[in-house]
Amino acid sequence: MSTMHAVRAHARGGPEQLVYEEAPRPEPGPGEVLVAVKAASMTPHELTWPETWTYRSDGTGPERTPIIPSHEFSGIVAASGPGVQSPAEGEAVYGLIPFTRNGAAAEYVVLPADIVAAKPATIDHDHTAALPLAALSAWQALVDHAGLRAGQHVLVQGGAGGVGSYVVQLAAGLGAHVSATAAAADLEFVKDLGAEQAIDYAQDRFEDHVRDVDVVVDMVGGSTQSRSWSVLKPGGILVTLSTPPDQEEAARHGVRGVYFIVEPDRDALRSIAELVDDGRLRPVVDRVLPLAETRSGYQALETGKRRGKIVIHVAD
């Protein structure tokens, strides 16, 4: 088979550029695997990122069009390139594809073998595809950057969001005391994820309800981020995925501020799969769409309120 069905954009733009069509099936090179995609999921704003359209993370260099979006996937290894010993052909895997490469809104995708991991055994491909970017973001925020320890207090700004819902679960699963801000309609949802305290951000000032926090994980930015310094205990840390924090403010409060962009990480994916199979982490899925309706999913990312990931079901 030399072709496949895929969703591609032939020019920069938003969801209106996405076309469901036949495309060449990629072939794995040295150190790469070809994955038969079973499910993929989409990330808000990825069509606006410069690296989506070029070969470099800073967005420079020649255009990469036509591009295939959706960089989180779950599937089966169909073939291996030279030098690949693991994963084996036929193995069920999942992962996060670098944004400078084609994504998984297609029947097949090629990616480096050393960034994929065995999928969780207890959930299906659709739910697995909802994990990689959001769960890796949560892991890297809490484990890699904050060095979270059991018994510490974590405040999650935006606890019901795509990443926040995993931060709440993971922090609770690692033994932390979790507070989270959310909309009124999401307070019970956030508590069900593991938050001991859920704060309605529209009605209550979180500063009136939490203090002496060890770790703030911020998915909101703006004034929420700037107000978060005051609730951290001396030596605490604010980790954000929204906007780089004000280092002068961090120093003034005797705390640290860290901004990061999520990266593929096989070892973290393995740990996440274990947490899922142990029942301590569950995927949050808003809806599942067929591959041919990928464009409508990206439109929903821009216009609608969601609880969890929008997943593309590619194949049974």
Side-chain angles (χ1 to χ4, degrees), residues 6 25-43 46 49-59 61 64 67-121 123 125-145 162-163 166 170 241 260-277 281 283 309 311-312 314:
R25 194 187 82 169
E27 295 297 331
E32 295 180 331
V33 288
L34 175 71
V35 173
V37 179
K38 298 297 185 180
S41 70
M42 51 192 74
T43 303
E46 70 173 275
W49 296 345
E51 60 264 45
T52 295
W53 304 95
T54 66
Y55 293 92
R56 297 178 181 174
S57 58
D58 62 1
R64 195 164 50 80
I67 62 101
I68 298 173
S70 302
H71 288 71
E72 301 168 85
F73 76 92
S74 182
I76 306 293
V77 177
S80 301
V84 174
Q85 297 182 348
S86 175
E89 293 181 20
E91 185 174 347
V93 295
Y94 80 125
L96 174 65
I97 305 164
F99 282 89
T100 52
R101 301 176 68 109
N102 275 330
E107 292 178 311
Y108 292 90
V109 66
V110 161
L111 72 159
D114 61 2
I115 62 173
V116 303
K119 72 175 283 294
I123 58 174
H125 287 287
D126 288 346
H127 285 81
T128 299
L131 286 167
L133 185 142
L136 275 176
S137 296
W139 181 274
Q140 291 171 10
L142 292 169
V143 177
D144 295 346
H145 294 288
V163 175
Y166 290 98
L170 183 58
L241 294 87
F260 78 97
I261 298 172
V262 65
E263 297 179 350
D265 185 333
R266 170 188 271 181
D267 290 339
L269 286 173
R270 288 170 172 164
S271 297
I272 289 164
E274 290 177 3
L275 289 169
V276 172
D277 289 338
L281 191 68
K309 299 288 287 189
V311 172
I312 306 163
V314 178

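Positions are given from 1 along the sequence.
- With respect to Arg101 and Glu32, a salt bridge is recorded, a charged nitrogen being found less than 4.0 Å from a carboxylate O.
- We find that Glu72 and Lys309 are joined by a salt bridge, their nearest charged nitrogen and carboxylate oxygen being less than 4.0 Å apart.
- Between Gly59 and Pro50, the shortest heavy-atom contact is CA-CB, 3.6 Å.
- Put simply, CG on Asp277 and NZ on Lys119 are 8.0 Å apart, with the number rounded to the nearest 0.5 Å.
- For the pair Glu46 and Pro69, the minimum side-chain heavy-atom distance is below 4.5 Å.
- Counting only residues at least two apart or on different chains, no side chain to side chain donor-acceptor pair (under 3.5 Å) pair has a member in residues 135-145.
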Kindly list each side-chain donor-acceptor pair under 3.5 angstrom involving residues 267-276, sequence neighbours excluded, with atom names and distances?
unit_1 : atom_1 : unit_2 : atom_2 : d
Asp267 : OD1    : Arg270 : NH1    : 3.4
Ser271 : OG     : Asp267 : O      : 3.4

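- Using modelled atom types, one side-chain atom of Arg266 and one backbone atom of Val116 make a donor-acceptor pair closer than 3.5 Å.
- Contact check for Val93 versus Ser74: no side-chain heavy atoms found under the 4.5 Å cut-off.
- Between Ala130 and Tyr166 the shortest heavy-atom distance is O-OH, 3.1 Å.
- No side-chain heavy atom of Phe73 sits less than 4.5 Å from a side-chain heavy atom of Thr128.
- We find the CZ-CD distance between Arg25 and Glu107 to be 10.0 Å, quoted to the nearest 0.5 Å.
- At least one side-chain heavy atom of Trp49 sits less than 4.5 Å from a side-chain heavy atom of Thr43.
- Among all heavy-atom pairs drawn from Leu281 and Leu170, the shortest one is CD1-N, 4.1 Å.
- Asn102 places none of its side-chain heavy atoms less than 4.5 Å from the side chain of Pro26.
- Each of Glu89, Glu91, Gln85 was checked for a side chain to side chain contact (heavy atoms under 4.5 Å, CB included) with Pro87, and the lone residue meeting it is Glu91.
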Next item on the list: List the steps and the verdict of side chain to side chain contact (heavy atoms under 4.5 Å, CB included) for Val33 and Val110.
Entry: CA-CA 6 Å; Val33 288; Val110 161; over 6 Å; no

Item checked: Derivation of the side chain to side chain contact (heavy atoms under 4.5 Å, CB included) call for Val35 and Tyr108 -> CA-CA 6 Å; Val35 173; Tyr108 292 90; over 6 Å; no

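- Arg64 CZ to Tyr55 OH: the interatomic distance, rounded to the nearest 0.5 Å, is 7.0 Å.
- When all heavy atoms of Ala129 and Val311 are compared, the closest pair comes out as CB-CG1, 4.4 Å.
- Between Ala36 and Ala78, the closest heavy-atom pair is N-CB, 4.2 Å.
- Taking the side chain as every heavy atom from C-beta outward, Ile123 and Leu131 approach each other to under 4.5 Å.
- Residues Ile76 and His125 have side chains in contact (heavy-atom distance under 4.5 Å, counting atoms from C-beta outward).
- Nearest heavy-atom pair, Ile68 versus Ala6, reported as atom, atom and distance to 0.1 Å: CD1-CB, 4.1 Å.
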Check: side chain to side chain contact (heavy atoms under 4.5 Å, CB included) between Glu51 and Thr100: does it pass, once the steps are laid out?
Finding: CA-CA 5 Å; Glu51 60 264 45; Thr100 52; 3.9 Å; yes

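- Within the 4.5 Å cutoff, the side chain of Ser41 has no heavy atoms near those of the Asp126 side chain.
- Note that OG1 of Thr52 is 6.0 Å distant from NE2 of His71, once rounded to the nearest 0.5 Å.
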